[in-house]
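Below, each value reflects all heavy atoms present in this structure, side chains not excepted, and no hydrogens, waters or symmetry copies. Residue numbering restarts at 1 for every chain, and letters A, B, ... go by the order of the sequence lines.
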Amino acid sequence: MRRKKMSENYENRDEYLHRLRHSTSHVMAQAVLEKFPEGQVAIGPPIEDGFYYDFDLPRSLTPEDLDEIEARMRAIVSEDHEFVYREIDEEEARRIFANQPYKQELIDGILAAGMDEYGEPLVGAARLSVYESGSFVDLCRGPHVDNTRDINPEAIKLLSVAGAYWRGDERNPMLQRIYGTVWETAQQLEEYLAWREEVEKRDHRRLIKELDLLSFHPEGGAGLAYWHPKGGRIRVLIEDYWRQRHYDGGYEIVFTPHIGRAELWETSGHLDFYRDGMYAPMDVDGQDYYIKPMNCPFQILIYKSRLRSYRELPLRWAELGTVYRYERSGVLHGLLRVRGFTQDDAHIICIPEQIEDEILRVLDFSLDLLRGFGFDEFKIELSVRDPDKPEKYAGGDGMWKQAEQSLVRALEARALPYERMEGEAVFYGPKIDIKIRDALKRAWQCTTIQFDFNLPERFDMTYIGEDGKEHRPYVVHRALLGSLERFFGVLVEHYGGAFPVWLSPVQVILIPIADRHVEYANSVAGQLRGAGLRVEVDDSSDRMRAKIRNAQLQKVPYMLIVGDREMESDQVNLRLRDESVPGSKSVDEFIALAQEAVADKRVL
RNA sequence: GCCCACGUAGCUCAGCCGGUAGAGCACACCCUUGGUAAGGGUGUGGCCAUGGGUUCAAUUCCCAUCGUGGGCUCCA
């Protein structure tokens, strides 16, 4: 009989899971090496929800191989192998891993550069150690579980094989990575697998097709989205709300062209540092024009269209700007990664004294706007300079300090927890990224608020200060939804396609029971449309039950059944998308109910 | 871009070892007028992603291209 709670021997559950997953990856490596004795092993760390191990094998793995390896792992686990830690010297390490070139490289790294086996800087003195379990010895720092007895064989599942470069560098050989997961109990594994199924069910790539929202077309080009009428309807609702909020929030809205002369992109520096992301130029009257990958240079031209006074700052200019970027074919992913997309871009141009207020204002605005769409959990990251390489960055030391301080102060003023990302800033300025957590607790990168110390210099942006002299303004670049495409994809997954009433492309569907009820259904539909609701009448020859099924599958929030009873009493019979049936209502009652749900941005 | 897999009707998918294709749904028409998730019948619909090669013969085998998926790297 196994111990009931295997985690109880460890500090806490997280510590146990971490060790468990790391140890299970070793067990997997043993199973793989038994099958391919000539195989080479790279690294195999624990990751969120599981583990992986990278191998260099004589042939590609198949799903059947995974089944076999998984079965072998269960057997190994049941053999009760201890995980034995041992510190060794270089000579022994070289000998143990004589036929393991990747491990030799890791040994080099540990000894020479003070790097650990994952390429991270080593804490403390360089020390070589191995963990042995069963027939497998790995260069490893641990920690591990004490014995394979602490791994529940019923809670192991290998998930997939994928290519991965040695050390993540595309110049290195491609290895085969096996992903797996392991939990404390079989039930936890079941729950995790069920979660993965739920993720699959909500996949926006499936839902946009089923709900007739958007499509992609091979003949039209990869990574280019086509918005159908229903998707278009939702997009317009998002945009209208966005525009209203921006005007209310003190922004002005601008429009800029889609292409610009090479000279502009030379000035902005994009041709130097962003050329790989840009499409080839087109010839216009002998001049090279580029399709825009970003909106910033255009907005700056608007700024420079005349002399600016400190009195008119801050300027907040927003734009739904469609940009095109070359993304490598392998990274395209539904709506979440496309080649043409519309950013909800804005630039805040202000004097240094205004920067703290402006940052706080944009932070509040972002979170509030996102909450309007039903997101209320966020993961915030502050990306700052790499303190060791100040020469890598545009802008002076003082500017970086002030900028960073304004970002930190804004986060602290709102008591928002955030993670500080050292060295993650782009070269032109520090930034705050806000990732939204969806209904399945996944984090999506949408919002970014970035300082730009590069463009004001390059374009020589100035304003006339109180002293009558020219000064350089601060420019903050921000996108809140990020891009409409990605945001829409996230929205679809968050709601699983069942949008809140205010965003539903069809809010109400009228279901006449028989043909003689169609006329009444149409007249009710007219009243509802008059009240501003989006309504359809299902006058097909389907039976009522089939009509209900179709409406459910289309995730229409409100179904109104109308038959003899409703016609006589001048009512409608309400069924909701959640399958509840509030029943008979007068048309006015229903209108009031629906309008309230819209106004409150409720799901139903 | 790289590694692996995949691409058959609008959609979801069958089609063993080569002999030019099938289901369900959707769609059209007919019958049915039915009270809270699929009523019945008939029918339309495929250059088997595209181009090349091997073969008497290719949807099936090989190569290339395009696209899609799982990853790596990168990113809104």
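B/U12 sits 12 Å from B/U8 when the C1' atoms are compared, rounded to a whole Å. Distance check on atom C1': B/A26 versus B/C17 gives 36 Å, rounded to whole Å. Rounded to whole Å, the separation between the C1' atoms of B/G39 and B/G22 comes to 25 Å. Taking the P atoms as reference points, B/C2 lies 24 Å from B/U60, given to the whole Å. Only the P atoms considered, B/A23 is 33 Å distant from B/G67, to the nearest whole Å.
Between A/Tyr326 and B/G1 there is a side-chain N or O to OP1 or OP2 distance below 4.0 Å. A close approach under 4.0 Å does not occur between any side-chain nitrogen or oxygen of A/Ser160 and OP1 or OP2 of B/G71. Between B/G70 and A/His333, a contact under 4.0 Å exists linking OP1 or OP2 to a side-chain N or O. Between A/Arg328 and the phosphate of B/G71, there is no side-chain N or O to OP1/OP2 separation shorter than 4.0 Å.
Partners of A/Tyr324 according to the ring-ring contact (aromatic ring centres under 6.0 Å, His included) rule, which considers only residues two or more places apart in sequence or in another chain, do not exist here. Contacts of A/Phe51 classified as ring-ring contact (aromatic ring centres under 6.0 Å, His included), with partners at least two apart in sequence or in another chain: none. When the ring-ring contact (aromatic ring centres under 6.0 Å, His included) test is applied to A/Phe341, no partner is found at least two apart in sequence or on another chain. Scored by the side chain to side chain contact (heavy atoms under 4.5 Å, CB included) test, A/Lys35 finds A/Arg59, A/Asp65, A/Glu68, A/Ile69 as partners (sequence neighbours excluded). Not counting sequence neighbours, A/Trp444 has no partner by the ring-ring contact (aromatic ring centres under 6.0 Å, His included) test. Every residue two or more places apart in sequence or in another chain that forms a side chain to side chain contact (heavy atoms under 4.5 Å, CB included) with A/Arg337 is listed here: A/Glu327, A/Val331, A/His333, A/Arg486.
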Report all interatomic pairs (protein N or O, nucleotide N or O of nucleotides 39-43 of chain B) with separations under 3.5 Å.
from	atom 1	to	atom 2	distance (Å)
B/G39	N9	A/Arg543	NH1	3.0

Between protein and nucleotides 5-10 of chain B, what N or O pairs are separated by less than 3.5 Å?
none

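Across all strands, A/Val323 comes closer than 4.0 Å to no nucleic acid atom at all (heavy-atom distances). Within the 4.0 angstrom heavy-atom criterion, no nucleotide atom of any strand lies near A/Glu200. Contacts of A/Asn573 with the nucleic acid, taken as non-hydrogen atoms under 4.0 Å apart, include base atoms. Residue-level contact check: A/Gly563 touches the bases, meaning some heavy atom is under 4.0 Å from a base atom. Residue contacts for A/Gln445: at a heavy-atom cut-off of 4.0 Å it reaches the sugar-phosphate backbone alone, with no base atom in range. At the heavy-atom level, A/Gly163 lies under 4.0 Å from base atoms of the strands shown.
Across the protein-nucleic acid pair, A/Leu510 atom CG and B/U36 atom P stand 18 Å apart, rounded to whole Å. Following rounding to the nearest Å, A/Phe273 (CZ) and B/C75 (P) show an atom-to-atom distance of 13 Å. Whole-Å rounding puts the A/Asp169 CG to B/C74 C1' distance at 13 Å. Summarising the geometry, the separation between CG on A/Leu320 and P on B/A76 is reported as 17 Å, rounded to the nearest angstrom. Counting to the nearest Å, the P atom of B/G35 and the CE atom of A/Met559 are 18 Å from each other.
Salt bridge absent: A/Arg385 and A/Glu422 never bring a charged side-chain N and a carboxylate O closer than 4.0 Å. Using a cutoff of 4.0 Å between basic side-chain nitrogens and carboxylate oxygens, A/Arg167 and A/Asp169 are not scored as salt-bridged. A salt bridge links A/Arg243 and A/Asp240; the closest N-O separation between the charged side-chain nitrogens and carboxylate oxygens is under 4.0 Å. Taking 4.0 Å as the cut-off between side-chain N and carboxylate O, A/Arg577 and A/Glu579 do not count as a salt-bridged pair. For the pair A/Arg442 and A/Glu493, the salt-bridge criterion is met [side-chain N within less than 4.0 Å of a carboxylate O]. The pair A/Glu200-A/Arg196 does not count as a salt bridge, with every side-chain nitrogen at least 4.0 angstrom from each carboxylate oxygen. Of the charged side-chain nitrogens involved, none lies within less than 4.0 Å of a carboxylate oxygen, so that A/Asp433 and A/Lys379 do not count as a salt-bridged pair.
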Show me the side-chain donor-acceptor pairs of residues 556-567 of chain A shorter than 3.5 Å, one per line, residues at least two apart or across chains.
from	atom 1	to	atom 2	distance (Å)
A/Asp564	OD1	A/Arg516	NE	3.0
A/Asp564	OD1	A/Arg516	NH2	3.4
A/Asp564	OD1	A/His517	NE2	2.6
A/Asp564	OD2	A/Arg516	NH2	2.8
A/Glu566	OE1	A/Gly563	N	2.9

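Of the residues in residues 173-182 of chain A, those placing a heavy atom less than 4.0 Å from an atom of RNA chain B are A/Met174, A/Arg177, A/Tyr179, in numerical order. Within a heavy-atom distance below 4.0 Å of RNA chain B, the residues of residues 209-219 of chain A found are A/Lys209, A/Pro218.
In terms of position along RNA chain B, the nucleotide closest to A/Glu566 lies nearer the 5' end than the nucleotide closest to the other residue of the pair A/Thr447 and A/Glu566. Residue-to-nucleotide proximity on RNA chain B shows that, of A/Val161 and A/Asp564, the 5′-proximal contact is made by A/Asp564.
Distance from the side chain of A/Val338 is smallest to B/A76 among B/U36, B/G34, B/A76. The side chain of A/Arg516 approaches B/G34 more closely than any other nucleotide in the set B/G34, B/G1, B/A76. The side chain of A/Glu170 has B/G1 as its nearest neighbour among B/A76, B/G70, B/G1. Closest to the side chain of A/Ala162, out of B/A37, B/G71, B/C74, is B/G71.
Judged by distance alone, with hydrogens and angles left aside, the side-chain atoms of A/Glu485 form no donor-acceptor pair with the main-chain N or O of A/Leu336 at under 3.5 Å.
Looking at A/Tyr165, its side chain comes within 3.5 Å of the base of B/G1 through a donor and an acceptor atom. With hydrogens and angles left out, the side chain of A/Glu327 and the base of B/A76 share a donor-acceptor pair within 3.5 Å. A donor N or O paired with an acceptor N or O is found under 3.5 Å between the base of B/A37 and the side-chain atoms of A/Glu579. Within 3.5 Å, a donor on the side chain of A/Arg486 pairs with an acceptor on the base of B/C75, or the reverse.
Defined by atom type and a distance below 3.5 Å, a donor-acceptor pair is present between the side-chain atoms of A/Asp212 and A/His228. Side chains of A/Thr256 and A/Glu319: a donor-acceptor N/O pair is present below 3.5 angstrom, by distance only. Between the side chains of A/Thr447 and A/Lys435, not a single donor N or O lies within less than 3.5 Å of an accepting N or O.
By the stacking rule of 5.5 Å between ring centres and under 30° between planes, A/Phe341 stacks on the base of B/A76.
Against the 90° criterion about 0, the sugar-base torsion of B/C17 places it in the syn range.
Of all heavy-atom pairs spanning A/Asn172 and A/Tyr165, the tightest one is O-CD2, 3.6 Å.
Stem analysis of RNA chain B (at least three stacked-register Watson-Crick or G-U pairs, each with both distances under 3.5 Å) gives B:1-7 with B:66-72, B:10-13 with B:22-25, B:27-31 with B:39-43, B:49-53 with B:61-65.
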